[in-house]
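Just so you know, these numbers come straight off a predicted model, no measurement behind them.
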Amino acid sequence: MNLDRLNQYRIMWVIVYFDLPTETKKDKKAYQEFRKGLQRDGFRMMQYSVYFRHCNSRENAEVHKRRVKNQMPAKGNIIMFEITDAQFGRMEFYEGYKRSASKENPQQLEMF
């Protein structure tokens with residue numbers, strides 16, 4: 001087994017962000033077709049309008065990026081990028097995270 005193929009800096013993740021219009025029936029259909037195309041190509045939803053896919057190499061990532069480009073609808077905004085497995089591993093995911101109010105510093109008593 002070639003260990004270089006499994007290097008965390010060679011394994012890639014392709015991430016696709018998109019903001020597509022859904023005002024008309026035609027827009028909605030284009031949105032649904034794009035999203036379903038991502039799913040057929042192995043992308044999974046990270047959150048609404050953000051999909052990601054694991055790729056064994058940079059070359060494999062290029063194949064999937066090309067597929068996404070070939071199915072892009074005429075309207076809307078799409079951002080696509082790739083990160084290494086090491087970078088993906090440093091992402092932090094929170095679900096239902098609530099920030100609590102910061103506590104005020106207690107007043108200090110002075111005694112003389």
Side-chain angles (χ1 to χ4, degrees):
M1 174 184 279
N2 185 354
L3 293 179
D4 187 47
R5 281 188 50 93
L6 302 176
N7 184 315
Q8 63 183 341
Y9 296 99
R10 181 158 166 70
I11 296 170
M12 305 301 293
W13 292 84
V14 176
I15 302 174
V16 179
Y17 289 74
F18 57 93
D19 184 16
L20 304 177
T22 57
E23 285 93 35
T24 68
K25 284 185 178 185
K26 186 177 178 180
D27 289 343
K28 288 178 186 177
K29 184 176 181 179
Y31 167 84
Q32 291 170 349
E33 287 177 3
F34 181 72
R35 194 175 65 74
K36 287 178 182 177
L38 290 174
Q39 292 171 335
R40 277 191 304 271
D41 195 31
F43 283 84
R44 296 186 318 185
M45 187 171 74
M46 185 179 291
Q47 64 183 57
Y48 292 116
S49 298
V50 180
Y51 282 70
F52 68 104
R53 187 189 198 293
H54 178 267
C55 298
N56 291 326
S57 66
R58 192 172 301 274
E59 296 79 16
N60 185 244
E62 289 301 322
V63 168
H64 293 286
K65 286 169 54 178
R66 198 168 31 252
R67 287 180 186 165
V68 172
K69 289 176 187 177
N70 288 336
Q71 66 178 4
M72 286 182 178
K75 294 181 184 176
N77 298 307
I78 298 170
I79 299 170
M80 181 171 41
F81 61 96
E82 60 188 58
I83 60 174
T84 66
D85 193 47
Q87 292 167 321
F88 190 86
R90 289 192 299 268
M91 291 175 76
E92 296 181 25
F93 295 87
Y94 301 96
E95 186 175 330
Y97 176 73
K98 285 188 178 181
R99 211 178 244 184
S100 59
S102 60
K103 296 180 182 178
E104 291 185 28
N105 290 334
Q107 292 186 354
Q108 192 170 5
L109 294 175
E110 291 183 20
M111 298 180 75
F112 290 99

Practice task
Would you check, one step at a time, whether the test side chain to side chain contact (heavy atoms under 4.5 Å, CB included) holds for Q87 with E82?
Solution key: CA-CA 10 Å; Q87 292 167 321; E82 60 188 58; over 6 Å; no
Handout entry: Stepwise side chain to side chain contact (heavy atoms under 4.5 Å, CB included) check, Y51 with M46
Key = CA-CA 5 Å; Y51 282 70; M46 185 179 291; over 6 Å; no
Exercise for the section: Report the C-alpha separation of C55 and H64 in whole Å, then their side-chain angles, then the decisive distance to 0.1 Å, and conclude whether the side chain to side chain contact (heavy atoms under 4.5 Å, CB included) test is met. Expected result: CA-CA 8 Å; C55 298; H64 293 286; 3.8 Å; yes
Exercise for the section: Applying side chain to side chain contact (heavy atoms under 4.5 Å, CB included), run through T84 and M12 and close with a yes or a no. Expected result: CA-CA 5 Å; T84 66; M12 305 301 293; 4.1 Å; yes
Problem - Candidate pair Y31 and E33, rule side chain to side chain donor-acceptor pair (under 3.5 Å), full reasoning - result: CA-CA 6 Å; Y31 167 84; E33 287 177 3; over 6 Å; no
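Taking 4.5 Å as the limit, some side-chain heavy atom of I15 sits within range of a side-chain heavy atom of I83. Counting heavy atoms from C-beta outward, F18 and N77 have side chains that stay 4.5 Å or more apart.
Between atom NZ of residue K69 and atom CZ of residue R67 there is a gap of 14.0 Å, rounded to the nearest 0.5 Å. With values rounded to the nearest 0.5 angstrom, R10 atom CZ is found 10.0 Å from N60 atom CG. The CD1 atom of I78 lies 10.0 Å from the OG atom of S49; values are rounded to the nearest 0.5 Å. Here the CE-CG distance, from M72 to L20, works out to 9.5 Å after rounding to the nearest 0.5 Å. Separating the CZ atom in F52 from the CD atom in Q47 is a distance of 11.0 Å, to the nearest 0.5 Å. One finds the CZ atom of R40 at 10.5 Å from the CZ atom of R35 (value rounded to the nearest 0.5 Å).
No chain of hydrophobic side-chain contacts below 4.5 Å, direct or via other Ile, Leu, Val, Met, Phe, Trp or Tyr residues, connects F88 to V14. M91 and F43 are not part of a single hydrophobic cluster, where members link through side-chain heavy atoms under 4.5 Å apart. Connection of L38 to I79 is not established within any shared hydrophobic cluster, with ILVMFWY side chains joined at heavy-atom distances below 4.5 Å, either directly or through further cluster members. Clustering ILVMFWY residues whenever any of their side-chain heavy atoms sit less than 4.5 angstrom apart, transitively, puts V50 in a cluster other than the one holding M80.
Within 6.0 Å of CZ on F93 lie more than 12 heavy atoms contributed by other residues, nucleotides or ligands.
At distances below 3.5 Å, at least one donor-acceptor pair connects side-chain atoms of R53 with backbone N or O atoms of D41. Side chain of Q71 to main chain of V68: no donor-acceptor pair is present (N/O by atom type, distance under 3.5 Å, no hydrogens or angles).
Salt bridge status for E62 with K65: present, with a side-chain N to carboxylate O gap under 4.0 Å.
In this structure, F81 has its ring center under 6.0 Å from that of Y17.
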